[in-house]
Structures are given as structure tokens and as C-alpha cells.
Amino acid sequence: MTITTPIEFTGEVNAELVTTTTSESGISASSVTDVDFNVQQADLPAPDNVMSTGFRASYFDVDHGLRRLDQIDWSSEPTHEEVVHDINYKNSRGSFWEGGDDDTFGARITGDIDVDEGEASNSSLVGTTALFSSSMVRRL
């Protein structure tokens, strides 16, 4: 049994549940059960929403040495993801994220960069292997 009330409804609900059973010989027997309950206003706390601005960093840890970008399965589930405010990683043998591998991983950084018309924009990536898409830059 399902009783659905409008979302804003509060108050008393009175209903009858009628159950009818018919035997093989065609004789029917019914019983009636009163169903009474109160609907109260839901006391739901507001969800904790945290909004983060920046770039989405997805890291892909692999179990072999890397020489080319196509050695990483970019369609697989990332090992770790986070929001970063700056794309400024040290050129070292350290991991880009806490607890990550220090030399057999790839990083995919996604986001938008808005540059006002006429404003100078300098972008560069330095590292063993880097891929940069100019489609991430949008002139306003």
C-alpha cells in the first residue's frame, strides 16, 4: 500500500484498507482496517554544499614507466581527483598529490581560462611530457 500526499501537505490522514479474498468456489470474504496517521512537516537540514573554483585535476597512476601520453588510459577511472587553484607543479620526482606515485602517473587538468580582450596572456607548460589545448582559453 502506498499513500502519497502533496509535498506541502501536513495534517491527519484517515484511510480504510479493504482486503478481499475469493476462494476457488467463488465465495468472497472482506476485511476492513482503518489506517490513521499524521503527516508532519519534514525537518530536513540543508545539505552542506561546498563550491570550489579552480581547475579539476585528475591523476592516473600506472604500474609501468611512461614515455608517451598514449600509454595512459585517459578513459579509465582516475586514481585521484581534486580541485587545484594554480597549475604550478614542481619539476621533480615527487607526486602531484599526497600519497601518489612519484614517477609513473599522468595528470589531466581541465577548466576554463577567461582573458579580457586586449589583455596579455602568457601560458606555458614545462615538463617531461606535456599537452596543452588552446581551446581552454576563451577571449572575452
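Remember, it's a predicted structure, so these values are computed and weren't measured experimentally. FYI, the numbering just counts along the sequence from 1.
- Among all heavy-atom pairs drawn from Asp34 and Glu16, the shortest one is OD1-CG, 3.6 Å.
- Closest approach of Val13 to Val39, counting heavy atoms only: CG2-CG2, 3.9 Å.
- The closest donor-acceptor contact from the side chain of Arg108 to the backbone of Trp74 lies under 3.5 Å.
- In this structure a side-chain-to-backbone donor-acceptor pair under 3.5 Å is missing from Thr19 to Ser31.
- Between Phe105 and Tyr59, the ring-plane angle classifies as perpendicular under the 30° and 60° cut-offs.
- Of the possible polar contacts, one joining the Ser23 side chain to the Ile27 backbone as a donor-acceptor pair under 3.5 Å is found.
- The minimum heavy-atom distance linking Gly106 with Ile72 is given by the pair CA-CD1, 3.4 Å.
- A donor-acceptor contact closer than 3.5 angstrom links the side chains of Asn14 and Glu12.
- Summarising the geometry of Ile109 relative to Ala57, their closest heavy-atom pair is CD1-CB, 3.6 Å, with the distance given to 0.1 Å.
- In this structure, a donor-acceptor pair under 3.5 Å is present between the side chains of Glu81 and Ser58.
- Here the shortest heavy-atom pairing between Val83 and Thr53 reads CG1-O, 3.6 Å.
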Margin query: Could you walk me through whether Thr79 and Trp97 satisfy the side-chain contact (heavy atoms from CB on, under 4.5 Å) test, starting with their C-alpha distance in whole Å, then the side-chain angles of each, then the deciding distance to 0.1 Å, before giving a yes or no?
Written below: CA-CA 10 Å; Thr79 305; Trp97 76 99; 4.1 Å; yes
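- Of the possible donor and acceptor atoms, one in the side chain of Thr104 sits under 3.5 Å from a partner among the backbone N and O of Val62.
- Follow the hydrophobic side-chain contacts under 4.5 Å out from Val32 and you never reach Phe37; the two are in separate clusters.
- Closest non-hydrogen pair, Ala107 versus Phe96, comes out as CB-CD2, 4.0 Å.
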